[in-house]
Amino acid sequence: VIILSADYYVFDGLELKNNGNISCFVIEQSGGSGNILENLYIHNCGGNGGGNPAGIKIKESSYRNIIQNNHISNIYATGGNTSNVAAIMIFGGNRHVIHNNLIHDSSTGIRYKHPAVTETGEPPSFEVYRNIIYNITTFGIDPGTNNALAYQNIIYNAGRGIVIDDIDT
């Protein structure tokens with residue numbers, strides 16, 4: 001599923017699976033704000049690590065999306081950099097909220113990649129809470145910004161739990 005410039009939609013109760021073409025659900029740049037992605041079952045998705053495969057990927061210029069109550073598993077890379085794989089990957093944007101998700105058997109759980117000052121000049125913000133993340137090879141949560149809230153998450157059997165750094169690659 002690729003959403004182009006869609007605002008204020010609710011995606012509820014879908015199963016997305018067996019996509020070998022990078023990501024299962026993508027909100028593309030030039031919009032994609034105020035959407036709710038909930039009760040999705042996303043599994044067995046991936047592609048080349050250089051393409052940043054993800055179960056859910058939200059790209060630049062999107063704001064205030066909510067990702068909640070989803071089950072995401074088996075997100076993989078077929079080659080390339082496996083640290084560029086995540087169950088949920090956010091590329092910029094602002095004020096996204098990710099909560100109450102079950103994430104397992106993937107390279108990374110939740111990653112905010114390429115944080116920068118937003119189009120409005122605000123620092124990016126990101127809120128992640130009450131997620132259960134396990135069987136992760138790299139890290140459970142990488143907030144990727146110094147303006148992030150990550151709390152009440154359960155992370156186990158992961159290479160690292162929550163990673164705080166200034167690397168945006």
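Considering CG of N35 and CZ of F11, their distance stands at 5.5 Å, rounded to 0.5 Å. Separating the CG atom in D7 from the CG atom in N65 is a distance of 8.5 Å, to the nearest 0.5 Å. Rounded to the nearest 0.5 angstrom, I42 CD1 and S73 OG are separated by 9.5 Å. Atom-to-atom distance recorded for I98:CD1 and I103:CD1 is 7.5 Å, nearest 0.5 angstrom. To the nearest 0.5 Å, atom CD1 of residue I56 and atom CD1 of residue I88 are 5.0 Å apart. Here I110 contributes atom CD1 and M89 contributes atom CE; the two are 11.5 Å apart, rounded to the nearest 0.5 Å.
Between P143 and A148, the shortest heavy-atom distance links the atoms CB-CB, 3.5 Å. Taking both residues in full, the closest heavy atoms of Q68 and N101 are given as C-OD1, 3.5 Å, listed atom of the first, atom of the second, then distance. Nearest heavy-atom pair across T138 and S107 is OG1-O, 2.6 Å.
The closest side-chain donor-acceptor pair between H43 and E15 falls under 3.5 angstrom. Checked by atom type, the side-chain pair N74/D105 shows no donor-acceptor distance below 3.5 Å.
With hydrogens and angles ignored, the 3.5 Å screen pairs a side-chain donor or acceptor of N153 with a backbone N or O of N131. Between the S106 side chain and the I136 main chain, no donor and acceptor come within less than 3.5 Å of each other. Judged by distance alone, with hydrogens and angles left aside, the side-chain atoms of S33 form a donor-acceptor pair with the main-chain N or O of Y63 at under 3.5 Å.
A tilted orientation is assigned to the rings of Y112 and H96, their planes being inclined by 30° to 60°. Aromatic ring pairs are classed by plane angle as parallel below 30°, tilted from 30° to 60° and perpendicular above 60°; the pair H104 and Y134 is parallel.
Connection of Y151 to V97 is established within a shared hydrophobic cluster, with ILVMFWY side chains joined at heavy-atom distances below 4.5 Å, either directly or through further cluster members. Under the 4.5 Å side-chain heavy-atom criterion for ILVMFWY residues, no single connected hydrophobic cluster contains both Y129 and I132. Hydrophobic cluster membership differs between L149 and I154, with clusters built from Ile, Leu, Val, Met, Phe, Trp and Tyr side chains linked at under 4.5 angstrom. By the rule that hydrophobic residues join a cluster once side-chain heavy atoms approach within less than 4.5 Å of another member, Y156 and I162 end up as members of separate clusters.
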Quiz item: Taking it one step at a time, do I155 and R160 satisfy side chain to side chain contact (heavy atoms under 4.5 Å, CB included)?
Solution: CA-CA 9 Å; I155 302 169; R160 292 179 279 172; over 6 Å; no
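When side chains are defined from C-beta on, K17 does not count as touching Y41, because their heavy atoms never get closer than 4.5 Å.
Tested against H99, the residues I66, N70, I67 include a single side chain to side chain contact (heavy atoms under 4.5 Å, CB included) partner, I66.
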